[in-house]
Enquirer: 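If you scroll down you'll find the structure; I have some questions about it.
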Protein chains: 2
Amino acid sequence: MRRAAQPPVLDSVGIHRALEQLHGVVRAKGLKNSEVRDAVARVALAYDGHFTVEDLVKTLRETGTVEAHPATVYRIVPLLVEAGLLQETMVSAGEGHRYERAFERDHHDHLICTSCGKVVEFEFEAIEVLQRNIAEQFGFFLTGHVHELFGLCSRCAPKGGAR
Amino acid sequence: MRRAAQPPVLDSVGIHRALEQLHGVVRAKGLKNSEVRDAVARVALAYDGHFTVEDLVKTLRETGTVEAHPATVYRIVPLLVEAGLLQETMVSAGEGHRYERAFERDHHDHLICTSCGKVVEFEFEAIEVLQRNIAEQFGFFLTGHVHELFGLCSRCAPKGGAR
DNA sequence: TTCTTTGCAAACCTTTTGCAACGGA
DNA sequence: TCCGTTGCAAAAGGTTTGCAAAGAA
């Protein structure tokens with residue numbers, strides 16, 4: 001296993017590729033492009049780490065050239081997920097759905113410190129293989145999974161025994 | 001790997017053991033026992049499969065000798081989880097937290113058909129071992145995890161190619 | 001008696017929806 | 001022009017909380 005790749009910064013060329021992918025999906029669904037949607041996508045793609053819809057609205061208001069109403073962002077995000085730009089993540093992390101960039105990132109899962117909130121992203125192909133084995137054994141066609149580990153990180157765990 | 005143990009029926013003796021465990025936790029926390037809480041615990045322990053707080057309230061109203069207000073059950077369930085009688089489960093299954101019995105059940109994870117909702121519970125020690133390895137590698141003390149696989153079951157998946 | 005538990009209603013919060021105005025193709 | 005998109009406000013749905021009454025130790 002290994003820690004997932006570094007802070008996944010997507011440069012402007014990458015963002016451009018992502019928007020093209022989005023526009024392809026939009027076209028394929030018979031929808032129309034929109035400036036607001038692209039702005040939301042840009043902010044989401046550039047976001048460092050995990051975020052909620054509220055986070056996007058806030059960031060857009062603070063740094064963007066375009067604003068978007070929360071209801072609008074709630075409508076846009078599922079499309080960005082469908083287009084493969086984002087993915088839902090840390091499903092079990094309390095209130096509010098969380099997302100992170102999926103576009104041009106390797107798949108990874110999360111190890112979360114329940115005390116300080118620290119998150120380690122890891123890739124472990126062996127587990128992915130076993131998951132496929134399980135699905136196969138039960139006759140399932142595997143389409144996705146949620147795999148989150150909880151614990152105490154080295155700073156939060158009591159050292160050298162009970163405390 | 002294997003499918004998790006059969007429908008985990010807990011007989012009256014088992015329920016009694018569970019209630020004793022609950023009472024121990026209650027005492028340890030300086031709380032008091034209550035008839036309503038025990039009734040909720042009984043219904044939850046006897047529940048076949050996964051359930052929401054609403055399900056408990058409904059079952060209690062229909063079959064129980066004691067009723068409980070939803071707000072009360074919302075207050076009780078976390079204690080039952082803490083006491084090890086229940087565990088949260090299928091975190092990603094849309095609205096509403098879901099629970100299932102944890103008392104005297106082996107640990108298992110879920111394989112869920114996103115089309116018909118069928119759920120297969122499986123145990124796979126190899127994955128548990130790998131999870132512990134991951135936690136160790138990153139210096140975490142592992143306390144729990146969420147592991148859910150999504151896919152299409154054999155009835156729902158298109159047979160022999162695309163359709 | 002003292003402190004916890006319960007029911008009830010109201011508050012909360014995130015997310016969804018109806019609708020009229022706006023905008024892209 | 002013809003729809004899809006957006007903003008706004010209201011609704012929805014699950015969960016929490018304040019408070020007074022009821023119950024356990």
Side-chain angles (χ1 to χ4, degrees), chain A residues 19-20 22-44 50-61 64-83 86 88-99, chain B residues 19-20 22-44 50-61 64-83 86 88-99:
Chain A
L19 289 180
E20 285 202 335
L22 172 61
H23 293 169
V25 171
V26 165
R27 212 175 311 120
K29 293 173 70 87
L31 305 180
K32 293 174 181 173
N33 288 324
S34 94
E35 191 185 353
V36 173
R37 184 157 52 214
D38 286 0
V40 172
R42 251 184 273 267
V43 167
H50 310 96
F51 53 86
T52 63
V53 166
E54 267 318 306
D55 291 330
L56 291 186
V57 172
K58 189 151 151 280
T59 305
L60 211 51
R61 191 183 322 121
T65 54
V66 177
E67 290 202 15
H69 194 276
T72 301
V73 180
Y74 274 107
R75 280 184 279 227
I76 287 173
V77 163
L79 185 60
L80 302 187
V81 171
E82 185 179 347
L86 304 182
E88 216 176 327
T89 192
M90 297 217 292
V91 175
S92 48
E95 328 72 54
H97 291 171
R98 282 175 170 68
Y99 302 87
Chain B
L19 289 181
E20 285 202 335
L22 172 61
H23 295 168
V25 171
V26 165
R27 213 176 310 121
K29 292 175 70 86
L31 305 180
K32 294 173 180 174
N33 288 322
S34 94
E35 190 186 352
V36 172
R37 184 157 52 213
D38 286 1
V40 171
R42 251 185 274 266
V43 167
H50 309 95
F51 53 85
T52 64
V53 166
E54 269 315 309
D55 291 331
L56 291 185
V57 172
K58 188 151 152 281
T59 304
L60 210 51
R61 191 184 321 122
T65 56
V66 177
E67 289 203 13
H69 194 276
T72 300
V73 180
Y74 274 108
R75 280 185 277 226
I76 287 173
V77 163
L79 186 60
L80 303 187
V81 171
E82 185 180 346
L86 303 182
E88 215 176 330
T89 191
M90 297 217 291
V91 174
S92 47
E95 327 72 53
H97 292 170
R98 281 175 170 68
Y99 303 88

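A, B, ... follow the sequence lines: proteins, then strands. Residue 1 opens every chain. Nothing here was measured: the structure is a model prediction, and the numbers come from that model.
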Enquirer: May I have the distance from Arg98(A) (atom CZ) to dC13(C) (atom P), rounded to whole angstrom?
Expert: 15 Å

Enquirer: With a 3.5 Å cut-off and no angle check, do the side chains of Asp38(A) and His23(A) form a donor-acceptor pair?
Expert: yes

Enquirer: At what distance, to the nearest 0.5 angstrom, does CZ of Arg27(B) lie from CG of Asn33(B)?
Expert: 7.5 Å

Enquirer: OP1 or OP2 of dT14(C) sitting under 4.0 Å from any side-chain N/O of His97(A)?
Expert: no

Enquirer: Nearest whole Å is fine: how far is dT14(C) P from Glu54(A) CD?
Expert: 7 Å

Enquirer: Examine dT15(D): is either OP1 or OP2 under 4.0 Å from a nitrogen or oxygen in the side chain of Tyr74(B)? Give yes or no.
Expert: yes

Enquirer: Just the rounded figure in Å: distance from P of dG7(D) to CZ of Arg37(A).
Expert: 12 Å

Enquirer: Whole-Å distance between dC3(D) P and Lys29(A) NZ?
Expert: 19 Å

Enquirer: Hey, mind stepping through Leu19(B) and Arg42(B) against side chain to side chain contact (heavy atoms under 4.5 Å, CB included) and telling me if it holds?
Expert: CA-CA 8 Å; Leu19(B) 289 181; Arg42(B) 251 185 274 266; 3.2 Å; yes

Enquirer: Rounded to the nearest 0.5 Å, how far does CD of Glu82(A) lie from CG of Leu22(A)?
Expert: 10.0 Å

Enquirer: Evaluate side chain to side chain contact (heavy atoms under 4.5 Å, CB included) for His97(B) paired with Val77(B), printing each intermediate quantity in order.
Expert: CA-CA 11 Å; His97(B) 292 170; Val77(B) 163; over 6 Å; no

Enquirer: Just how far, in rounded Å, is C1' of dC8(D) from NE2 of His69(A)?
Expert: 5 Å

Enquirer: Using whole Å, what does the distance between atom C1' of nucleotide dT5(D) and atom CZ of Arg27(A) come to?
Expert: 18 Å

Enquirer: Apply the test side chain to side chain contact (heavy atoms under 4.5 Å, CB included) to residues Leu60(B) and Glu67(B): give CA-CA distance (whole Å), side-chain angles for both, the deciding distance (0.1 Å), then the verdict.
Expert: CA-CA 6 Å; Leu60(B) 210 51; Glu67(B) 289 203 13; 5.7 Å; no

Enquirer: How does each nucleotide of nucleotides 20-25 of chain D score, in 5' to 3' order, for protein heavy atoms under 4.0 Å: base (B), sugar-phosphate only (S), or none (-)?
Expert: ---BBS

Enquirer: Nearest to the Ala71(B) side chain among dA9(C), dC8(D), dT5(C), which nucleotide is it?
Expert: dA9(C)

Enquirer: Think Arg75(B) has a side-chain N or O under 4.0 angstrom from the OP1 or OP2 of dT16(D)?
Expert: no

Enquirer: For Ile76(A) and dG23(C), what is the distance between atoms CD1 and C1' respectively, to the nearest whole Å?
Expert: 14 Å

Enquirer: Between atom CD in Glu88(B) and atom P in dG14(D), what is the gap in whole Å?
Expert: 15 Å

Enquirer: How many angstroms lie between atom CE of Met90(B) and atom CZ of Arg98(B), to the nearest 0.5 angstrom?
Expert: 6.0 Å

